[in-house]
Amino acid sequence: MVAGNWKMNKTPTEAKLFAGSIADTIPAELLSRVDVVVCPSTSCIGSVTEVLYGTDISVGGQNIFYEDSGAYTGETSGEMIKDLGADYTIVGHSERRKLFGETDEVVNKKLHYALRKDLRPILCIGETLEEREECETNIVLERQLKGALEGISTEQLRKIVIAYEPVWAIGTGVVAAPEQANEAMAFVRHLIETLYGKNLAVDCRILYGGSIKPDNFDDLVSLENIDGGLVGGASLDEGFIELVRIAGRHA
Ligand code: 13P
């Protein structure tokens with residue numbers, strides 16, 4: 001899977017044009033082997049789903065609130081983005097955790113809610129630089145994963161994509177070394193095994209995210225524990241198509 005997190009970039013007009021050019025460029029044969037998801041800002045979801053309608057490229061939100069409607073000024077519900085045609089939503093991105101105070105408890109509520117609305121969550125977890133330097137990476141991953149998955153059944157986990165995004169690698173140009181990424185993701189898989197059993201640990205889709213570029217993606221996606229990428233900056237231009245091609249070589 002290659003998922004593009006466009007963050008707060010592109011107007012609806014720009015997003016529509018770019019999504020159209022992705023759809024025109026990626027061959028259908030490649031889309032039959034690699035799951036491609038684009039996650040535009042909420043304001044662009046409608047225009048992007050419209051232009052991607054009938055293609056094999058899925059659309060996701062970057063964040064949702066966990067109620068259908070109500071007095072939650074500025075929020076958008078999962079039901080609303082589902083109605084716009086989204087099939088996925090990112091949940092618990094580190095920027096939401098850091099800048100908007102999202103706790104593991106909130107992430108857990110959003111996961112449950114997304115699943116009730118038939119949205120496939122892309123659950124983000126990852127340690128900060130300080131946590132890594134203090135050798136707390138596994139402690140943080142375990143806390144975030146267990147917190148997020150509280151009350152989530154085996155059946156529900158099958159619908160969740162996990163994205164390991166070390167915070168120190170996001171938007172910094174410092175990509176995790178393949179061994180670092182593989183080690184952390186092996187630990188995530190091990191946690192899934194202890195919580196849900198071996199079969200699900202093998203089947204569970206785990207993406208890496210953080211400064212992915214066409215020139216480093218091949219080394220990452222060829223690793224045993226990495227099933228694809230959640231891409232920020234490099235998903236905003238034609239480089240994204242190259243990333244899908246690279247993933248296709250390993251699919
Ligand atoms: P960059 O690829 O820009 O480092 O962002 C990664 C990310 O946060 C994807 O969710």
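Note that the structure is predicted; figures quoted are calculated from it, not measured. Computation of the quantities below employed the complete heavy-atom set of this structure, encompassing side-chain atoms and omitting hydrogens, waters and symmetry-equivalent molecules. As the structure lists them, so they are numbered: ligands from 1, and atoms in each ligand from 1.
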Counting only heavy atoms closer than 4.0 Å, does ligand 1 sit against the backbone of N5, its side chain, both, or neither? side chain
A176 to L220 - nearest heavy-atom pair and separation: O-CD2, 4.0 Å
Side chains of [Y] and [X]: any donor to acceptor distance under 3.5 Å?
X	Y	result
E165	H93	yes
N225	Y208	no
E50	S47	no

Any idea which atoms of ligand 1 are less than 4.0 Å away from a heavy-atom of [X]?
X	value
A169	4 (O)
H93	7 (C), 8 (O), 9 (C), 10 (O)
L230	9 (C), 10 (O)

State plainly whether the residues [X] and [Y] are in salt-bridge range, i.e. N to O under 4.0 Å.
X	Y	answer
E29	R33	yes
R132	E127	yes
K159	D118	no

I'd like to know if G209 contacts ligand 1, where contact means a heavy-atom distance under 4.0 Å to any ligand atom. no
Please state which option from C124, C39, G171 has its nearest heavy atom closest to atom 4 (O) of ligand 1. G171
What's the shortest distance from [atom] to any protein heavy atom, and which residue and atom give it?
atom	value
atom 5 (O) of ligand 1	K7 NZ, 3.2 Å
atom 3 (O) of ligand 1	G233 N, 2.8 Å
atom 7 (C) of ligand 1	E165 OE2, 3.2 Å
atom 2 (O) of ligand 1	G232 N, 2.9 Å

